[in-house]
There are 2 protein chains.
Amino acid sequence: MKNEKSTIHDIAAKLNITASTVSRALNNHPRISDETKRKVLKVAKQINYQPNHIASALRSGKSRLIGVLVPTANRSFFSSVIRGIEDLANSFNYQIIISQSYDEFEREVNNVEAFLNARVDGIIASIGKTTENFDHFQKVLQKGIPLVLFDRISNELDVSQVVLDDHLGAYLSVDHLIKNGCKKIVLFTSSQRINIYKERKRGYEDALADHQLDIDPDLIFYSNMQLEDGRRIATELLEKGVEFDGIFSASDYAIMGAMQVLKENGIQIPQQVKLAGFGNEPFTSFTEPAITTVDQKSIPMGKITAETFFDLLNKETSSELAKKTILKPELIIRGSSN
Amino acid sequence: MKNEKSTIHDIAAKLNITASTVSRALNNHPRISDETKRKVLKVAKQINYQPNHIASALRSGKSRLIGVLVPTANRSFFSSVIRGIEDLANSFNYQIIISQSYDEFEREVNNVEAFLNARVDGIIASIGKTTENFDHFQKVLQKGIPLVLFDRISNELDVSQVVLDDHLGAYLSVDHLIKNGCKKIVLFTSSQRINIYKERKRGYEDALADHQLDIDPDLIFYSNMQLEDGRRIATELLEKGVEFDGIFSASDYAIMGAMQVLKENGIQIPQQVKLAGFGNEPFTSFTEPAITTVDQKSIPMGKITAETFFDLLNKETSSELAKKTILKPELIIRGSSN
DNA sequence: TTATATTGCGCAACCGATTACACGAAACTT
DNA sequence: AAGTTTCGTGTAATCGGTTGCGCAATATAA
C-alpha cells in the first residue's frame, strides 16, 4: 500500500510504446489506432493511473480551472449562481475554485492574485462592496484572461457582465407599495458606487415620480444593510417620530431588522407600515408576516454567466465587444406589504 | 499591453545570473547574498513577474492547495467552518479550493477525484448524507494525502476528525424540553448511518430515559429534514391525531416547517407544543417565536479543523494515531420552548 | 505500377521552476 | 602558510505530460 504514483511512462513501458503515444491515446487523438487506445486505457485502469493535471497544465498552458470570486458563498443568491456555473463548467470538464472576498478589498485583491498564480483559465467575479479600485481586474484583462462579472459589476471595466435589472426590481416593488396605499416610503440602500444599489435607488425614485410623490431625502438611509443596520435605522425613525407608511429595502437583511423593531414597538405590519425587501433570501418566507421581496433569478444568472464565460473562452478573437445581459427580476408579494 | 509573461529566466537574463540563483533569491535561500536578493526582487517587481505555481508545484510536488469538500457552502455552519479553515490556511500561504457535493454521492466521488488530479496537498471534508461507500477516501489515504474530517464523519475511516458532541447537544435540548413540562416529545432525525444523526437520536433517548419517560417509536420520524419534510411530518401528526407536546428536530429547517404547519393550524407555541431545533441557523432567531436551537460552534470547529490538518501536514511521521476532537455545543434557549 | 495520401507512432524539445551536486573564491583555523 | 569552512553561484537533471516534426508502412489514386 505504498504511495503508488503512476505516470504515462509506466503505461508506455508496459506496452512497449512511447509516452507520447500514451498521451495521445488518453486524449483520444485521431491518429492513434483504436487498438492501442484500448490497450492504454486498460493498463491505465490496471495500474490505477491518475493524470497529473499539474504537469498537463504546465505544458499546455491550460489549467482547466476557473476562479469564481464572490463576496460570500453563504448567501442563497451567490450559492445558487455558483451552482449554475459549476454545473456547466463540469460538463465542459472544467473545475471551479471558489474564493470569497467577504467584501474586503484586500482579500479580493489577494484572491485574484491567487487565481493568477494558480493559472486559472478564466475568472468569474462579483465585486465586493468596498472595492473602488479595479487594478487587480485590469491586470487580469491585460494578461488576456477571460473575465466575466455578474451582479456586482463596474462600469469602469470593459468586460462581459450579467446583471439583474435592479432598477426594474426596485420600481416594481415600490410601485406595488404605492398602489397598496403607501405615500411616505423609506428607502434603505447602500453605497452609490455599487451599481446595484444605485440602480435600486433609481427604481425607487422613478416609481415615486411616476405616482407624483415627492422624493424626501430624509427618508433615504445609507448603510451596509445588515440586520443590525435595519434595526438601528428603524429605531432612529421611531425615536425621531418620522412619519412613514412603508419601507423599501435594497436588502432582505435590513428589512428583517426593521421589521423586528417595528413589531417590538407594537406597529402593525402591513396595516400601519408596509415592508418590502430585495433578494428573496429563504428566511423572508419564514417570518411573520412573510416579507415581500424581489427574486434575483439566481439560477438563470448562474447559467447565463457560465455560458457567457465559455463563449468568451472559446472565442479565438479577443472578442471585440463585451456583452451585457440583463435579467428580469420577479416581485414576490407576501404578507408584509399586502 | 501584450500578454506579458515573465519567468525567472527573464529576471536572470537582465541580471546576468542564472535562473537557479533567481529561484533561490525569491525563496530567500540563505546562501544567496543580500545584494543579489535585492536586485532580483527589484527586477521582479519591475517586469511584473508572477510566479508560476504550476511549474513550482510540478517540480516540488507541493501544490500549496487544500481541497475543502462540504455538502453545501450555502449553510451558515459550513460557511463559517470554511472561513476558519481559510484564514489559517492563508496565514500558512496555502490556498483552499472549495467544492460542494450537494449531498450527492457521485459528486462527492468526482470532487475528490478532481482534488487528486489537481494534486492538492491535503483534503478537509464533511461527508455527504447519501455516502455509504468510502473507497474514494480510502484512496486518498492510500496515496498518503493528509485527510481530516469534520462534523459529518465516518467511523470506517481511520483519520483525524473534529466533531461536535451531538449527543450532548441533543441531550441538553431534550432535557430542557422535559424540564419545561414536555412528556411526549417527537423526534425528527435522519439516516442513522450518519454519525451526527445517530448521536442526536441517542441524546434524545438518553434524556428521555434519565427522566423515566418512555421512548415511543411512533414519535420518531426519519427524513431528509428539509423544510418540506418538517411540514409533511407535522401535517401527518395532526391528521393522525397523534398526541405530543414537544418536538426536537435534528435540523433547524425541519423544525421551521413543522412550526409553520402548527401555527397554521392554530396551535400555540410554546404553550401547547414546545419546539427545539439544531444548528443555530440565522433564521431561527427571526421567526416568531424565535426557535430554541443548538449552536454547533462553527468558528472554533473551523479553526480546530484547520489546526488539526496542519499538524498532520507538518508531521513527517505518517502520524500513528488519528486525533478526534469533540467540541461542546451550546443550547440556545428561545421562545419556541420557553 | 508509380505517385500521392493517410495512418500510426517515435523523437525530442518544451512548459517554468526546484534542487542535488560541484566549484572557485573568500574567510577562518591553527 | 597551508588546510579547512563557509559563501555565493552555476550546471544540469528533473517533475509529468504535450506537441511539432519526421518517417515508415499501408491505403488510395491515377
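None of the values given here were measured: they were computed from a predicted structure. Naming: A, B, ... by sequence-line order, numbering from 1 per chain.
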Is any side-chain N of the basic residue among B:Asp151 and B:Lys297 closer than 4.0 Å to the acidic one's carboxylate O?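 Answer for the salt bridge query: no.
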
Name the nucleic acid region contacted by [X], choosing base, sugar-phosphate or nothing; use a 4.0 angstrom heavy-atom cut-off, strictly under.
X	answer
A:Ser20	base
B:Ile17	sugar-phosphate
A:Ser23	base

How are the rings of A:Phe78 and A:Phe150 set relative to one another: parallel (under 30°), tilted (30 to 60°) or perpendicular (over 60°)?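 Judged by the thresholds at 30° and 60°, the geometry between A:Phe78 and A:Phe150 is perpendicular.
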
Of the nucleotides C:dG16, C:dA13, C:dG10, which has the atom closest to the A:Arg24 side chain?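 Output: C:dG10.
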
If you check every side-chain atom of B:Tyr49, which of C:dC11, C:dA17, D:dT9 has the closest atom?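 In terms of side-chain proximity for B:Tyr49, the closest of C:dC11, C:dA17, D:dT9 is C:dA17.
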
Do B:Glu86 and B:Tyr94 have side-chain N/O donor and acceptor atoms under 3.5 Å apart?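 There is no such pair (donor and acceptor under 3.5 Å, judged by atom type) between the side chains of B:Glu86 and B:Tyr94.
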
Using whole Å, what does the distance between atom [atom2] of nucleotide [N] and atom [atom1] of [X] come to?
X	N	atom1	atom2	value
A:Ile54	C:dG16	CD1	C1'	13 Å
B:Asn27	C:dG16	CG	C1'	13 Å
A:Asn52	C:dC15	CG	P	18 Å
A:Glu35	C:dT7	CD	C1'	14 Å
B:His9	C:dA13	NE2	P	16 Å
A:Ile11	D:dT18	CD1	P	11 Å
A:Asn28	C:dG8	CG	P	13 Å
A:Arg59	D:dC15	CZ	C1'	14 Å

Could you walk me through whether A:Gln138 and A:Glu156 pass the side-chain hydrogen bond (donor to acceptor under 3.5 Å, both in side chains) check? CA-CA 10 Å; A:Gln138 292 292 3; A:Glu156 289 189 32; 6.0 Å; no

Take B:Asn16 and B:Leu58, find for each the nucleotide of DNA chain D with the closest heavy atom, and name the residue whose nucleotide sits nearer the 5' end.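 On the 5' side of the pair lies B:Asn16.
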
Which comes earlier along DNA chain D counting from the 5' end, the contact point of A:Ala57 or that of B:Thr21, where each point is its nearest nucleotide?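 It is B:Thr21, whose closest nucleotide lies nearer the 5' terminus.
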
What pair of heavy atoms forms the shortest contact from B:Leu69 to B:Phe137, and how long is it?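 Here B:Leu69 and B:Phe137 meet closest at CD2-CZ, 4.2 Å.
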
Looking only at side-chain N and O atoms, does A:Thr36 come under 4.0 Å of OP1 or OP2 in C:dG8?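 For C:dG8, OP1/OP2 do not have a side-chain N/O of A:Thr36 under 4.0 Å.
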
Taking only the side-chain nitrogens and oxygens of B:Ser33, find out if one of them lies under 4.0 Å from OP1 or OP2 of D:dT9.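 Answer is yes, contact under 4.0 Å.
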
Mapping A:Arg119 and A:Thr18 to their closest nucleotides on DNA chain C, which lands nearer the 5' end?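 Closest to the 5' end, via its nearest nucleotide, is A:Thr18.
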
Hey, which of these two, A:Val22 or A:Arg31, hits DNA chain C nearer its 5' end, going by closest nucleotide?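 This one resolves to A:Arg31.
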
